[in-house]
Trainee: 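Pasting in a structure now, in structure tokens, and then I'll have a few things to ask.
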Amino acid sequence: MAPVLAEVTTNMNTIARLIDRIPDADLVVLPELCNSGYNFQSQKQALQTAEEISDSRYIKHLLALCRKYNCHIVSGFNEREGDRLYNSAVLVSPGGYLGKYRKLHLFFNELDFFTPGDCGLPVFNIGGCKIGMLICFDWMFPEVWRIMALQGADIICHPSNLVIPGLCQRAVPVHSLINRIFIITANRFGTEGNLTFTGLSLITDPKGEVLCQAGADHEEAVSVEIDIYKARNKNVTVRNHVIFDRRPHEYKKIVEPG
Ligand code: ACM
């Protein structure tokens with residue numbers, strides 16, 4: 001989808017219309033900041049479109065959709081807590097709001113509006129399946145994908161507003177492959193001011209195959225059926241396993257500040 005900047009109600013209506021095209025989906029992933037839009041002109045505009053999770057019209061709307069279609073939804077969310085803003089992703093189920101992730105790696109002008117994430121890299125068990133969330137530019141950091149795989153994530157949901165053509169869409173299959181997980185990158189399209197977003201959302205499997213890919217410049221709601229057990233088989237050969245073959249005592253530099 002192409003969220004409209006500062007038009008929260010319009011964006012809510014678009015989401016309802018698109019989810020209605022895939023009424024049987026169990027898990028729906030929406031783009032980054034798709035309640036508010038992305039390319040804020042001012043801090044005031046960023047604040048005006050943000051909501052507290054506990055009192056969010058947008059999350060109530062997602063909850064109603066989860067109940068209507070009996071699904072879980074992961075959505076980008078311009079989150080306010082006190083006077084701080086976070087570029088967040090929320091997980092909502094038919095039973096209610098389940099949890100959030102706050103983007104760790106802020107991209108370009110996001111540094112002017114948002115506080116970096118402070119709630120770690122949680123993985124949520126949604127019944128028969130474990131999911132983690134990352135947001136857009138987080139894709140550049142192999143550490144975060146791995147940490148979620150180590151916590152047993154089967155699927156990583158990746159709301160995005162990508163602007164550099166071709167990079168992330170090439171990396172996501174590789175993160176899938178080396179962690180043996182499914183990844184759902186839901187990337188917006190369209191233009192806001194001086195930014196054009198690259199679309200081409202994709203779903204990848206634990207062998208790095210692209211299961212489906214949306215277009216670059218139009219709305220699409222695409223669903224695929226997956227076998228979650230494929231993410232539980234971490235063997236590359238009968239003698240090689242992507243988790244057990246690691247040599248963490250040689251990786252200490254990874255956790256030292258740069
Ligand atoms: C991005 O992190 N929205 C490029």
Side-chain angles (χ1 to χ4, degrees), residues 25-30 32 53 66 70-77 88-105 117-160 168 171-186 201-212 223-252 254-255:
D26 297 312
L27 172 64
V28 176
V29 185
L30 300 167
E32 178 181 11
I53 285 176
C66 288
N70 192 28
C71 66
H72 286 65
I73 299 178
V74 169
S75 173
F77 181 65
S88 296
V90 290
L91 168 63
V92 186
S93 75
Y97 162 78
L98 287 184
K100 65 173 181 283
Y101 163 71
R102 289 172 168 168
K103 187 175 186 177
L104 285 171
H105 307 97
D118 57 1
C119 62
L121 292 156
V123 165
F124 298 89
N125 191 333
I126 61 170
C129 168
K130 283 190 174 179
I131 68 165
M133 297 178 273
L134 293 174
I135 301 174
C136 206
F137 185 53
D138 285 327
W139 74 267
M140 260 287 186
F141 302 87
E143 295 88 346
V144 292
W145 303 96
R146 181 64 106 202
I147 284 169
M148 290 197 170
L150 289 171
Q151 293 179 85
D154 300 304
I155 306 175
I156 296 182
C157 303
H158 181 220
S160 294
C168 174
V172 160
V174 180
H175 288 306
S176 257
L177 168 68
I178 63 183
N179 291 294
R180 309 282 290 199
I181 51 170
F182 292 93
I183 299 175
I184 306 169
T185 295
S201 296
L202 70 167
I203 302 178
T204 56
D205 79 359
K207 292 200 165 155
E209 299 296 333
V210 176
L211 300 180
C212 69
S223 72
V224 293
E225 187 156 334
I226 61 169
D227 176 0
I228 208 70
Y229 289 98
K230 289 188 176 159
R232 313 250 165 103
N233 176 3
K234 304 292 191 194
N235 278 98
V236 182
T237 71
V238 288
R239 298 183 65 186
N240 295 98
H241 188 282
V242 294
I243 302 300
F244 302 153
D245 285 10
R246 291 174 312 121
R247 297 283 179 260
H249 56 281
E250 298 291 350
Y251 304 160
K252 294 197 177 67
I254 295 255
V255 289

Trainee: Tell me, do I126 and L91 make a side-chain contact under 4.5 Å, heavy atoms counted?
Mentor: yes

Trainee: To the closest 0.5 Å, what do you measure between CG (L27) and SG (C129)?
Mentor: 7.0 Å

Trainee: Would you check if F77 and I53 make a side-chain contact, meaning some heavy-atom pair closer than 4.5 Å?
Mentor: yes

Trainee: Taking R146 for its side chain and I178 for its backbone only, find out whether a donor-acceptor pair lies under 3.5 Å.
Mentor: yes

Trainee: Would you say the side chain of M133 lies within less than 4.5 Å of the side chain of F124, judging by non-hydrogen atoms?
Mentor: yes

Trainee: Would V224 and C212 count as a side chain to side chain contact (heavy atoms under 4.5 Å, CB included) if you check the C-alpha gap in whole Å, the side-chain angles of each, and the deciding distance to 0.1 Å?
Mentor: CA-CA 7 Å; V224 293; C212 69; 3.7 Å; yes

Trainee: Any non-hydrogen side-chain atom of V92 less than 4.5 Å from a side-chain atom of L98?
Mentor: no

Trainee: Hey, could you give me the CG/OG distance between N70 and S93, rounded to the nearest 0.5 Å?
Mentor: 9.5 Å

Trainee: Mind running ring-ring contact (aromatic ring centres under 6.0 Å, His included) on H105 and F137 for me, showing each step along the way?
Mentor: CA-CA 6 Å; H105 307 97; F137 185 53; 7.0 Å; no

Trainee: Taking all atoms of both residues into account, what is the closest heavy-atom pair of S88 and I135, and its distance?
Mentor: C-CD1, 3.4 Å

Trainee: Ignoring hydrogens, what is the shortest heavy-atom contact between C71 and P94? Give both atom names and the distance.
Mentor: O-CD, 3.2 Å

Trainee: Any side-chain heavy-atom pair from S176 and I183 closer than 4.5 angstrom?
Mentor: yes

Trainee: Any carboxylate oxygen within less than 4.0 angstrom of a Lys/Arg side-chain nitrogen, looking at R102 and D118?
Mentor: yes

Trainee: Using side-chain heavy atoms (C-beta onward) and a distance below 4.5 Å, is I156 in contact with I131?
Mentor: no

Trainee: Between the main-chain N or O of H158 and the side-chain N or O of S160, is there a donor-acceptor pair closer than 3.5 Å?
Mentor: yes

Trainee: Looking only at heavy atoms, what is the nearest atom pair of A153 and G132, with distance?
Mentor: CB-N, 4.2 Å

Trainee: Got a sec, which residues hit side chain to side chain contact (heavy atoms under 4.5 Å, CB included) with N235, two or more places apart in sequence or on another chain?
Mentor: N233, H241

Trainee: Let me see the working for K234 and N240 under side chain to side chain contact (heavy atoms under 4.5 Å, CB included), right down to the final yes or no.
Mentor: CA-CA 8 Å; K234 304 292 191 194; N240 295 98; over 6 Å; no

Trainee: In Å, rounded to the nearest 0.5 Å, how long is the span from CG of L104 to CZ of F141?
Mentor: 9.5 Å

Trainee: Going from OG1 on T204 to CD1 on I184, what distance comes out if it is rounded to the nearest 0.5 angstrom?
Mentor: 9.0 Å

Trainee: Closer than 3.5 angstrom, by distance alone: can the side chain of W139 be matched with the main-chain N or O of V172 as a donor-acceptor pair?
Mentor: no

Trainee: Kindly indicate whether the side chain of F182, heavy atoms from C-beta on, has any atom under 4.5 Å from the side chain of P206.
Mentor: yes

Trainee: Say whether, by atom type as modelled, one donor and one acceptor occur between the side chain of Q151 and the main chain of L121 under 3.5 angstrom.
Mentor: yes

Trainee: Less than 4.5 Å apart, side chain to side chain, heavy atoms only: is that true for V74 and V90?
Mentor: no

Trainee: Looking at K230 and D205, would you say the former's side chain and the latter's main chain have a donor-acceptor pair under 3.5 Å?
Mentor: no

Trainee: Is the side chain of N179 donor-acceptor paired with the backbone N or O of I181 at a distance under 3.5 Å, no angle test?
Mentor: no

Trainee: Flag the pair D138 and K103 as a salt bridge only when some basic side-chain nitrogen lies within less than 4.0 angstrom of an acidic carboxylate oxygen.
Mentor: no

Trainee: Which residues pass the side chain to side chain contact (heavy atoms under 4.5 Å, CB included) test with P142, not counting sequence neighbours?
Mentor: H175

